[in-house]
Amino acid sequence: MIDEGSDEALDVLRHSSAHLMAHAVLDLFPKTQTGIGPAVEDGFFYDFLRDKPFTPEDLAAIEKKMRELSQQDIPIKKRILPKKEALRLFKEQGQELKVELIQEKGDKEVTCYEQGSFMDFCLGPHVSSAGQIKHFKLLSVSGAYWKGDEQGKQLQRIYGTVFFTKKDLNDYLTLLEEAKKRDHRKLGTELDLFSSHEDLGAGLILWHPKGAAVRHVIESYWREEHLKDGYDFLYTPHVAKLDVWRKSGHTEFYDAMYPPMQSDEIEYELKPMNCPFHIMVFNSRQRSYRDLPIRWAELGTVYRYERSGVLHGLMRVRGFTQDDAHIFCLPDQLEEEIKRVIFLALRILKTFGFREYEVFLSTIPEKYVGKIEDWEKATQALEKALKAAKLDFQVDEGEGVFYGPKIDIKIKDALRRSWQCTTIQLDFNLAERFDLSYVGEDGKRHSPFLIHRAILGSLERFFGVLIEHYKGNFPVWLAPVQMIIIPVAERHNDYATSLDKTFKENGLRSCVDLRREKVGYKIRDAEIHKIPLILVVGDKEVTKGTASLRVHTQGDKGEVVVNEFLEKVKELDENKYLTVNL
């Protein structure tokens with residue numbers, strides 16, 4: 001038996017479950033070709049090549065067959081075969097995809113794992129028998145390309161999950177059901193926040209008025225915090241000559257760029273990053289040590305050609321806005337600047353309601369650019385800053401990008417899922433490529449340290465996370481419509497409209513429902529659209545200058561005096577409280 005208490009053990013169980021699923025598929029559909037079947041976060045998948053699409057009924061049958069095989073407790077055996085022998089065996093079985101993999105990756109001897117009639121080309125390890133795989137569930141089918149090549153064979157990918165105990169499986173399935181209810185794509189449509197369209201192009205987002213209202217609030221708060229922290233703002237173009245990206249190294253190292261476009265016989269490129277533009281501003285004149293540190297921030301929209309198979313609502317798109325910033329500083333300012341970024345990030349993330357994090361410090365990889373002493377100084381500064389912020393962090397040895405060490409902060413949402421947001425990276429590559437320099441106190445030219453950083457990451461992705469975190473029930477300060485006024489009858493319309501005007505004049509986002517519908521219907525509709533504050537006004541309220549208040553998810557709060565209510569809502573809004581207490 002394997003140790004059930006470790007993450008490694010769960011990965012082994014997941015990978016073994018993928019093999020069990022492939023075994024079941026071949027028993028039921030013998031002419032199917034098998035691709036790859038790895039363990040992934042929260043489960044496993046296996047890719048299959050088959051003319052006929054898998055149906056929900058097929059998935060049920062495959063899962064049933066997996067249980068039968070598990071109950072037989074078939075031993076799982078490791079086999080070492082000569083490469084020629086492995087090729088012969090898989091060719092005889094008609095498994096051309098496996099033959100291709102063995103030809104590409106196999107050494108003189110090939111490792112395979114065998115369970116009953118099923119054998120797979122695989123390094124392992126695996127559980128000792130199929131009987132150890134008990135608590136599993138097949139979840140879905142999607143399309144996949146062989147080796148990720150969109151011009152290659154189109155496969156079918158079956159996803160599943162597995163755990164050591166029935167309780168863990170049930171807990172996870174419950175979590176999945178809750179996640180479906182929170183799906184930002186579903187809520188985005190229901191709440192009229194955003195959309196994407198085939199005619200527009202995959203991975204490109206249209207922000208509707210309500211979604212744009214939330215974005216405006218996010219951006220305004222972001223700008224306020226950056227001004228307080230000593231940043232200046234930049235605006236940069238959406239395109240640049242291709243030579244800029246050749247100089248930065250993106251054409252050489254970055255494979256998510258759109259094809260160049262041509263104008264006046266000059267090649268231009270949609271920007272995948274904002275960095276070269278900020279560096280050009282720095283290089284627009286000679287800088288002195290007295291000018292540093294320089295902190296420049298931009299909400300810059302970038303474009304990256306993500307494969308169609310990985311696009312996912314707001315979470316993975318082709319055009320998005322990064323909350324980018326670059327800091328140019330002296331060596332002895334480095335630690336303090338990183339510390340400032342961390343505290344700014346924590347302050348902003350907490351305001352949005354995120355207080356739990358996973359933090360990673362990635363250090364020098366095998367291949368790197370820059371001086372080793374600069375890497376060591378930068379890594380020490382990152383580590384000291386994390387300790388000063390009293391953040392628990394994990395060191396990922398050798399996992400830094402080639403151009404510098406970095407800190408990644410992942411936030412945890414209401415379902416305790418992790419989302420990558422803040423990243424703080426040192427960049428020795430661009431500093432060298434663009435010959436960054438300042439005149440030091442000694443009158444000589446020196447290279448500044450260049451810090452890349454983003455706090456929210458992408459506005460699109462962060463908005464998607466916010467939708468799912470709050471299940472669309474945004475706190476008052478973030479809600480696209482903070483309050484709605486519902487008149488009981490037409491004779492109350494003027495009073496309702498006057499309240500709406502007053503709230504708007506005080507900077508609040510309100511609306512009035514003048515439709516000829518019953519009050520109960522209007523209230524239900526406001527609740528469905530998750531409007532935090534609902535004010536109902538009738539004869540009594542008009543006479544007294546009051547309103548009857550309902551708070552979304554809390555119910556009826558009784559009569560409120562409008563002027564007092566207004567001041568309390570302004571306090572909720574200005575102080576960015578996450579809960580309503582009126």
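Side-chain contact, Asp47 with Gln156: no donor N or O sits under 3.5 Å from an acceptor N or O. There is no side-chain donor-acceptor pair under 3.5 Å between Gln322 and Ser458. Side-chain polar atoms of Tyr403 and Gln425 form a donor-acceptor pair below 3.5 angstrom. Residues His197 and Ser195 have side chains that bring a donor and an acceptor to within less than 3.5 angstrom of each other.
To the nearest 0.5 Å, atoms CG (Leu193) and CD1 (Ile205) are separated by 12.0 Å. The OG1 atom of Thr422 sits 7.0 Å away from the CD1 atom of Ile424 when rounded to the nearest 0.5 Å. Distance CH2/Trp146 to NZ/Lys153: 8.0 Å, rounded to 0.5 Å. If you take SG on Cys275 and CG on Leu430, they are separated by 6.0 Å, rounding to the nearest 0.5 Å. Considering OG1 of Thr321 and CD of Glu460, their distance stands at 4.5 Å, rounded to 0.5 Å. Summarising the geometry, atom CZ belonging to Phe462 is positioned 4.5 Å from atom CG belonging to Leu466; distances are rounded to the nearest 0.5 Å.
At distances below 3.5 Å, at least one donor-acceptor pair connects side-chain atoms of Asp427 with backbone N or O atoms of Asn429. With hydrogens and angles ignored, the 3.5 Å screen pairs a side-chain donor or acceptor of Thr161 with a backbone N or O of Asp42. For the pair Arg304 (side chain) and Pro272 (backbone), a donor-acceptor distance under 3.5 Å is present. In this structure, Asp291 contributes its side chain and Ser288 its backbone to a donor-acceptor pair below 3.5 Å. The main-chain N or O of Lys530 is never found under 3.5 Å from a side-chain atom of His552 such that the two would form a donor-acceptor pair. Between the side chain of Gln394 and the backbone N or O of Phe360, no donor-acceptor pair lies under 3.5 Å. Side chain of Arg453 to main chain of Asp323: a donor-acceptor pair is present (N/O by atom type, distance under 3.5 Å, no hydrogens or angles). Although no hydrogens or angles enter the test, the distance criterion places a donor-acceptor pair under 3.5 Å between the side chain of Thr363 and the main chain of Gly398. Remark: the backbone N or O of Trp222 is paired with a side-chain donor or acceptor of His226 at under 3.5 angstrom. Remark: side-chain polar atoms of Gln333 are paired, donor with acceptor, to backbone N or O of Leu292 under 3.5 angstrom.
Proximity of Leu10 to Phe164: side-chain heavy atoms (C-beta onward) are separated by under 4.5 Å at one or more points. The shortest side-chain heavy-atom distance between Ser263 and Tyr268 falls under the 4.5 Å cut-off. With contacts defined as side-chain heavy-atom distances shorter than 4.5 Å, the pair Leu382/Leu334 does not qualify. The side-chain heavy atoms of Leu436 and Phe328, taken from C-beta on, include a pair separated by under 4.5 Å. Using a 4.5 Å heavy-atom threshold, the side chains of Phe449 and Leu426 count as touching.
Other residues, nucleotides and ligands contribute over 12 non-hydrogen atoms within 6.0 Å of the CD atom of Gln262. Within a 6.0 Å radius of CZ in Arg445, no more than 12 heavy atoms belonging to other residues, nucleotides or ligands are found. The 12-atom threshold is exceeded at CD of Glu373, counting heavy atoms of other residues, nucleotides or ligands nearer than 6.0 Å. Applying the 6.0 Å contact sphere to NZ of Lys137 captures no more than 12 heavy atoms from other residues, nucleotides or ligands. In Asp392, the CG atom is not crowded: 12 or fewer heavy atoms of neighbouring residues, nucleotides or ligands sit closer than 6.0 Å.
Ion pair Asp229/Arg340 flagged as a salt bridge, since at least one NZ, NE, NH1 or NH2 atom sits closer than 4.0 Å to an Asp/Glu carboxylate oxygen. A salt bridge links Glu306 to Arg316: at least one charged side-chain nitrogen sits closer than 4.0 Å to a carboxylate oxygen. Taking 4.0 Å as the cut-off between side-chain N and carboxylate O, Arg417 and Asp413 count as a salt-bridged pair. With respect to the salt-bridge test (charged N to carboxylate O, under 4.0 angstrom), the residues Glu383 and Lys387 qualify. Lys241 has no carboxylate O lying under 4.0 Å from a charged side-chain N of Glu267, or vice versa, which leaves the two without a salt bridge. A salt bridge links Arg14 to Asp11: at least one charged side-chain nitrogen sits closer than 4.0 Å to a carboxylate oxygen. With respect to the salt-bridge test (charged N to carboxylate O, under 4.0 angstrom), the residues Glu224 and Lys228 do not qualify. A salt bridge is absent between Arg223 and Glu298; no separation between the charged side-chain nitrogens and carboxylate oxygens falls under 4.0 Å. Ionic pairing of Lys406 and Asp408 is present here: one or more N-O contacts between side-chain nitrogen and carboxylate oxygen are shorter than 4.0 angstrom. Ion pair Lys371/Glu432 not flagged as a salt bridge, since none of the NZ, NE, NH1 or NH2 atoms sits closer than 4.0 Å to an Asp/Glu carboxylate oxygen.
For the side-chain contact (heavy atoms from CB on, under 4.5 Å) test, residues two or more places apart in sequence or in another chain that qualify with Ser142 are Arg157, Tyr159. Shown here are the side-chain contact (heavy atoms from CB on, under 4.5 Å) partners of Glu269, two or more places apart in sequence or in another chain: Leu242, Trp245, Met257, Tyr258, Pro260.
For the pair Arg287 and Phe282, the distance from NZ or CZ to the six-membered ring centre is under 6.0 Å and the angle to the ring normal is within 45 degrees.
Results of the salt bridge (charged side-chain N to carboxylate O under 4.0 Å, His left out) test with Asp183 over Lys181, Arg185, Lys180 single out Arg185 as the only residue that passes. A salt bridge (charged side-chain N to carboxylate O under 4.0 Å, His left out) with Glu356 holds for exactly one of Lys350, Arg416, Lys412; it is Arg416.
Nearest approach of Ala414 to Arg182, heavy atoms of both residues: CB-NH1, 3.8 Å. Considering every non-hydrogen atom in both Arg347 and Thr351, the closest pair reads O-OG1, 2.8 Å. When all heavy atoms are compared, the tightest approach of Leu187 to Gly472 is CD1-N, 3.9 Å.
Checked against the 6.0 Å centroid criterion, the rings of Phe233 and Trp296 do not qualify as a close aromatic pair. Taking the six-membered ring where the residue is Trp, the centroids of His184 and His312 are separated by under 6.0 Å. Between His446 and Tyr438, the gap from one ring centroid to the other is short of 6.0 Å. In this structure, Phe463 has its ring center closer than 6.0 angstrom to the ring center of Trp207.
Ring orientation note: the planes of Phe352 and Tyr221 are nearly perpendicular, at an angle over 60° on the 30°/60° scale. Relative ring orientation between His326 and His452 is described as perpendicular, the plane-to-plane angle rising above 60° on a 0-90° scale split at 30° and 60°. Relative ring orientation between Phe163 and Tyr172 is described as tilted, the plane-to-plane angle lying within the 30° to 60° band.
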Evaluate the ring-ring contact (aromatic ring centres under 6.0 Å, His included) criterion for residues Trp477 and Tyr577: first the C-alpha distance (whole Å), next the side-chain angles of each, then the deciding distance (0.1 Å), finally the verdict. CA-CA 7 Å; Trp477 80 275; Tyr577 291 131; over 10 Å; no
Working for side chain to side chain donor-acceptor pair (under 3.5 Å), residues Thr165 and Asp168: CA-CA 5 Å; Thr165 69; Asp168 286 344; 3.1 Å; yes
How far apart are the C-alpha atoms of Ile327 and Ile338, what are their side-chain angles, what is the distance that settles it, and do they pass the side chain to side chain contact (heavy atoms under 4.5 Å, CB included) test? CA-CA 9 Å; Ile327 300 167; Ile338 293 167; over 6 Å; no
